[in-house]
Number of protein chains: 2
Amino acid sequence: MAQKRASTAVGPEESCLQIGEVAERTGVTQRTLRFYEEKGLLKLPIRLEGGFRLYSEVDIQRVEQIKRLQKLLGFTLAEIKEMVDAEEVKLQLQAEYRPDAAISQKKTQLLRAIEVTERQHGLIRQKVDALREMQSKLEERLDTFHGWQVHLEEAQAKADGKAKTKAKA
Amino acid sequence: MAQKRASTAVGPEESCLQIGEVAERTGVTQRTLRFYEEKGLLKLPIRLEGGFRLYSEVDIQRVEQIKRLQKLLGFTLAEIKEMVDAEEVKLQLQAEYRPDAAISQKKTQLLRAIEVTERQHGLIRQKVDALREMQSKLEERLDTFHGWQVHLEEAQAKADGKAKTKAKA
DNA sequence: TCTAACCTTGACGTTGAGGTAAAACATCGC
DNA sequence: GCGATGTTTTACCTCAACGTCAAGGTTAGA
């Protein structure tokens with residue numbers, strides 16, 4: 001362990017994790033974190049004077065989100081980027097909600113965000129539908145299998161019975 | 001169009017589509033079909049004397065299944081292979097159900113098939129759950145957005161009203 | 001028989017999503 | 001100041017899932 005928490009260098013409330021710890025806690029490699037950054041999936045992290053990246057808990061959550069979207073749901077990193085971008089827009093709108101200059105510009109941004117969100121929603125519904133269909137098919141198949149299993153048990157019992165009778169005789 | 005349906009060359013009931021037509025109907029390329037074959041996702045098709053591949057409707061269905069699993073649900077071809085292999089086992093068991101020699105062997109196979117199917121089922125449930133969570137989050141977000149939208153409209157109306165009053169004065 | 005359209009195998013290229021290795025800098029505890 | 005770790009950038013490697021020629025064989029139809 002070479003470094004402790006550099007907890008006073010940047011801001012008062014940031015959690016300030018270095019890349020190694022983020023990697024460990026999220027289960028991805030450091031390379032992957034840099035790669036995501038390069039691809040715009042993670043925003044450029046603040047740096048220590050020496051150039052070391054400093055992450056926050058929010059970043060960790062985002063990484064976990066990315067992994068879920070990718071591994072569980074099969075989205076590509078490009079699609080995921082679109083999603084996190086939309087999220088970014090939301091946060092931005094949320095933060096800048098007070099200083100209400102340029103209302104019509106905000107309206108445009110908002111419309112864009114809504115559009116993206118609705119597309120995502122539709123995409124997900126498609127996936128859910130497909131999954132449900134698969135699921136019911138699998139259940140059907142399992143039923144069939146169990147039926148066969150019973151059938152096989154019976155057949156075997158009969159065969160055994162015959163064998164025993166023969167052995168007795 | 002250089003060839004017609006070679007409908008009498010192999011069997012009486014097979015549909016006999018050539019690779020080009022299968023590609024067109026499924027929306028994948030010929031290269032992809034050969035690739036799937038190479039990877040064991042499609043069984044080796046029967047061939048015309050000249051070596052041309054001949055597919056059936058069942059093959060088309062399988063290709064469509066593969067594409068769904070892959071694009072919609074994010075399974076890798078390796079995972080998909082496992083699934084279609086399981087399906088193959090099922091068909092095999094189904095076909096060989098009559099000649100009931102070696103019952104215990106069949107039981108083993110059946111157990112294996114059940115195991116795979118149940119794993120798939122669980123996997124899919126996980127995915128559905130994750131997707132549902134995402135979906136409700138998105139709906140929540142859309143609600144927020146629409147609220148903001150209304151808010152912005154009001155703000156703009158107010159601003160416009162002021163402007164008009166000023167212009168009148 | 002000849003040709004246009006279709007198919008074959010083979011080999012190399014590409015893109016996405018990282019892995020791995022190297023050389024040099026940073027930080028901490030001593 | 002030094003050594004042990006931890007990080008940084010650069011650069012090349014890999015693996016999956018195809019794309020893209022290239023060179024040649026096949027088939028139906030005029």
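None of the values given here were measured: they were computed from a predicted structure.
Of the listed residues (B:Gln120, B:His121, B:Glu87), just one forms a side chain to side chain donor-acceptor pair (under 3.5 Å) with A:Arg141, and that residue is B:Glu87.
Protein atom CZ of A:Arg47 is 14 Å distant from nucleotide atom C1' of D:dG6, rounded to whole Å. When rounded to the nearest whole Å, the span between NZ of A:Lys71 and C1' of C:dG16 equals 17 Å. If you measure from atom CG of A:Leu42 to atom P of C:dG18, you get 11 Å, rounded to the nearest angstrom. Taking atom CG of A:Leu33 as the reference point, atom C1' of C:dG19 lies 14 Å away to the nearest angstrom. Protein atom CD1 of A:Ile80 is 14 Å distant from nucleotide atom P of C:dG16, rounded to whole Å. In this structure, CG of B:Leu48 is placed 18 Å from P of D:dG25, rounded to the nearest angstrom. Computed from coordinates, the A:Glu49 CD to D:dT7 P distance equals 15 Å when rounded to whole Å. Spacing between atom NZ of B:Lys39 and atom P of D:dA16 amounts to 6 Å, rounded to whole angstrom units.
Where A:Arg34 and B:Gln70 meet DNA chain D, the nucleotide closest to each residue was compared, and A:Arg34 sits on the side nearer the 5' end. Residues A:Gly50 and A:Phe35 both approach DNA chain C. Their nearest nucleotides, taken by heavy-atom distance, put A:Phe35 toward the 5′ side. Closest-nucleotide positions on DNA chain D for B:Ala78 and B:Gly51 were compared, and the one nearer the 5' end corresponds to B:Ala78.
At C:dA17, none of the side-chain N or O atoms of A:Thr32 fall inside 4.0 Å of OP1 or OP2 (strictly under the cut-off). In terms of phosphate contacts, B:Arg53 brings a side-chain nitrogen or oxygen within less than 4.0 Å of OP1 or OP2 of C:dT8. Close to C:dG18, at under 4.0 Å from its OP1 or OP2, lies no side-chain N or O of A:Thr29. For the pair B:Gln30 and C:dC7, the criterion of a side-chain N or O lying under 4.0 Å from OP1 or OP2 is met. Residue B:Arg31 places no side-chain N or O under 4.0 Å from the OP1 or OP2 atom of C:dA11.
Taking the charged nitrogens against the carboxylate oxygens, B:Lys43 and B:Glu88 have no contact shorter than 4.0 Å, which rules out a salt bridge.
Side-chain contact between A:Arg62 and A:Val58: absent, with no pair of heavy atoms (C-beta onward) separated by less than 4.5 Å.
The side chain of B:Leu77 approaches D:dA17 more closely than any other nucleotide in the set C:dT8, C:dG18, D:dA17. In this structure, the nucleotide among C:dG18, C:dC7, D:dT27 sitting nearest to the side chain of A:Tyr36 is C:dG18. Listed nucleotides C:dT8, C:dT27, C:dC6 differ in distance to B:Ile19; the shortest reach to its side chain belongs to C:dT8. Distances were taken from every side-chain heavy atom of B:Phe52 (C-beta onward) to each of D:dG19, C:dT8, D:dT8; the shortest belongs to C:dT8.
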Could you check A:Gln109 against A:Lys106 for side chain to side chain donor-acceptor pair (under 3.5 Å), going step by step and ending with a plain yes or no? CA-CA 5 Å; A:Gln109 274 192 325; A:Lys106 274 188 199 167; over 6 Å; no
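A:Lys67 comes within contact range of the sugar-phosphate backbone alone, with a heavy-atom separation under 4.0 Å but no base atom that close.
Figure legend: B:Lys127 and B:Phe75 shown as a cation-pi pair, the cationic atom lying under 6.0 angstrom from the six-membered ring centre and within 45 degrees of its axis.
Side-chain contact of B:Gln149 with A:Lys107: a donor-acceptor pair under 3.5 Å is absent, judged by distance alone.
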